Each structure stands twice: as C-alpha cells, then as structure tokens.
Amino acid sequence: MRRFLVAGNWKMNTNRASGEALAGALAAAAPSPEDGVEVLVCPPFPYLACIGDKVSGSAVAVGAQDVYFEPEGAFTGEVAVNMLKDVGCQFVLIGHSERRHVLGETDEIINKKVKAGIAGGLQVVLCVGELLSDREAGQTESVLDTQMAGALADISAEDAKDLVIAYEPVWAIGTGVTASPEQAESAHEYLRKWIANRYDSSFSEQIRILYGGSVKADNAEVLMGQTNVDGALVGGASLKPELFIPIIDAARKLASA
Ligand code: PGA
C-alpha cells in the first residue's frame, strides 16, 4: 500500500515570519503517521533550518527545492546535498519545470542531481511534465519518456527505492487550469508502466507518483482518488494553512477509505 505524500513547494515565496507561521500551523494540524499520509514542505534555502526547527517533532518533513550535484567546492551560489542534510532536510525536489524552463536545466544535469541526492541519502522527488505545445502535438508520452530516461540514466532499482515522481503538466502549473482526473490518471498510469518496463512491476507498484499543477482544496480529493495518483505537489495553495490543510485532509480521508 502506497502512502500518500502531500508536498508544498513554497517556491520563492514567504519570509522568515510568514514561513514560520505557516509551518507552525501545519505542524499542529499534520496527520499522525498512522493516518497513512506524509506531509512535506519545501521552503526557500535560507529558511530550511528555521522551518525545520518549527516542524521538529511533528509529522511534517522538510525538503529543499533544488540541490547541486557536486559535494563541495568552487560553485558559487550552489548548495550541496550534505548541507541540506546538515540542516535537517529529508527530501529534495529535482527537475521542477521552473528549473527546466526558466533556469535552463537539462535532463543530464537533472540526472546528476538525482544521483547526488540518492547517494547522499535524500529522498528525491523527481518532477516531470509536458508543455501545452507537447500535449497539443500528441507528444506527452514521448516527452515523459525522454525526461524519465534522462533523469534515471544509470540508476538502479535499488538506488531508486525511495524515489518519488511528481507528474506536473507545465500548462497546469500556477495557471488555475488543472489536468482533468482522467488526464492525470492516464499520465500516471503511463509513468507507472514506464517504471515497470525500466525496472520491474513490483518496484513500480511501490513508487509514489504525485500530481502537481493547480491542486486546490476543491479538486484534491478527485485527483488523489485516481488509482495511480499517490499524493500532490502543491504550489500556490501550499502557502496558506487554510488552503493547504484541506488538501492534507483530502488525502487523509482517501487513506482511511
Ligand atoms: P501550483 O504549482 O500548485 O501553483 O500550480 C505546483 C508546482 O509548481 O509544484
């Protein structure tokens, strides 16, 4: 049985005070581990430590939004896996569409980051997803093939055992346009089959595949209720407790059903 993961990607939002207030509210409301739901928040780098303190002892885990693949050295502006671990991070997002399309990250860079994250003991949330033009051209699956094969090159099933995939159609991110439950399920089913082909089917049954792209309280339950959807990666609606807690509650309800 796959456990739901509800993750908040704060992107370049919040400040120390607003982030701590948000984290405090989530820690107070977060489900217990027996509820079958894990909660993750991914604040900006400067706040990882203070948000980690705020959620310490609660069921909320902390992750970074990115990481660099080198262990240390002359890489101005970059942050290494061990630094994230040192401040209490358990997870890291890799290959978010904004990293790919705004910051120019390639599948090759993403592959190096995934390898570094796994080698360092972080749980990697690998983000994949097609542009609207890809979908309109009927290229969704081939884009997913390329992104998955690129990101997971030379990574064994054993290495990937804690991997989480996030399917985030780029046209649904921050736009208020959500993939329909059928569109989400179809992509998730495709990704699960892809993993079964690349690795094996028992591994693909264990791996969690989150949906991301304009997840809100009013669509979370139907999206996460799809057979192959194991949680959500939430941007805008993760920035306010009154928007994010109902999404956690939707997962909790589905987990107990
Ligand atoms: P959104 O962002 O929920 O604001 O669409 C999702 C994401 O980018 O992870």
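The structure presented is a predicted model; accordingly, all values stated were derived computationally and were not measured. Numbers for residues simply follow the sequence, beginning at 1. Whatever order the structure lists ligands and atoms in, that order sets their numbers, starting from 1.
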Practice task
For E78, look at atom CD and say whether over 12 heavy atoms of other residues, nucleotides or ligands are found less than 6.0 Å away.
Solution key: yes
Handout entry: ligand 1 contact by A237, heavy-atom criterion under 4.0 angstrom
Key = no
Handout entry: Non-hydrogen atoms of A80 and V67 that approach each other most closely
Key = C-CG2, 3.7 Å
Problem - Flag for N197-K193: side-chain donor and acceptor within less than 3.5 Å - result: no
Exercise for the section: With heavy atoms of N9 as the reference, note each atom of ligand 1 found under 4.0 Å away. Expected result: 9 (O)
Exercise for the section: Determine whether the side chain, the backbone, both or neither of I173 has a heavy atom under 4.0 Å from any heavy atom of ligand 1. Expected result: both
Handout entry: Minimum-distance protein heavy atom relative to atom 9 (O) of ligand 1
Key = E168 OE2, 2.6 Å
Handout entry: Heteroatom distance test (V234, ligand 1): nitrogen or oxygen, under 3.5 angstrom
Key = no
Problem - N or O contact, H96 vs ligand 1, cut-off under 3.5 Å - result: yes
Problem - Check: S18/N15 side-chain N/O donor and acceptor closer than 3.5 Å - result: yes
Exercise for the section: Answer yes or no: is there a side-chain heavy-atom contact under 4.5 Å between L210 and F4? Expected result: no
Handout entry: N or O contact, G235 vs ligand 1, cut-off under 3.5 Å
Key = yes
Handout entry: Side-chain H-bond candidate by donor/acceptor type, N228 with Y211, under 3.5 Å
Key = no
Problem - For G174, the ligand 1 atoms whose distance to one of its heavy atoms is below 4.0 Å - result: 1 (P), 4 (O), 5 (O)
Exercise for the section: Could you tell me if any non-hydrogen atom of A172 lies under 4.0 Å from any atom of ligand 1? Expected result: yes
Handout entry: Mutual orientation of the aromatic rings belonging to H188 and Y167 [parallel < 30°, tilted 30-60°, perpendicular > 60°]
Key = perpendicular
Exercise for the section: Ignoring angles and geometry beyond distance, decide whether G236 reaches within less than 3.5 Å of ligand 1 through its nitrogen or oxygen atoms. Expected result: yes
Exercise for the section: Give the numbers and elements of all ligand 1 atoms closer than 4.0 Å to a heavy atom of G213. Expected result: 5 (O)
Problem - Where ligand 1 meets K11 - atom numbers and elements under 4.0 angstrom, heavy-atom basis - result: 2 (O), 7 (C), 8 (O)
Problem - Whether G212 lies under 4.0 Å from ligand 1, heavy atom - result: no
Practice task
Return yes when atom CD of E72 has more than 12 non-hydrogen atoms of other residues, nucleotides or ligands closer than 6.0 Å, and no otherwise.
Solution key: no
Exercise for the section: Indicate yes or no: at least one non-hydrogen side-chain atom of I209 is less than 4.5 angstrom from one of R192. Expected result: yes
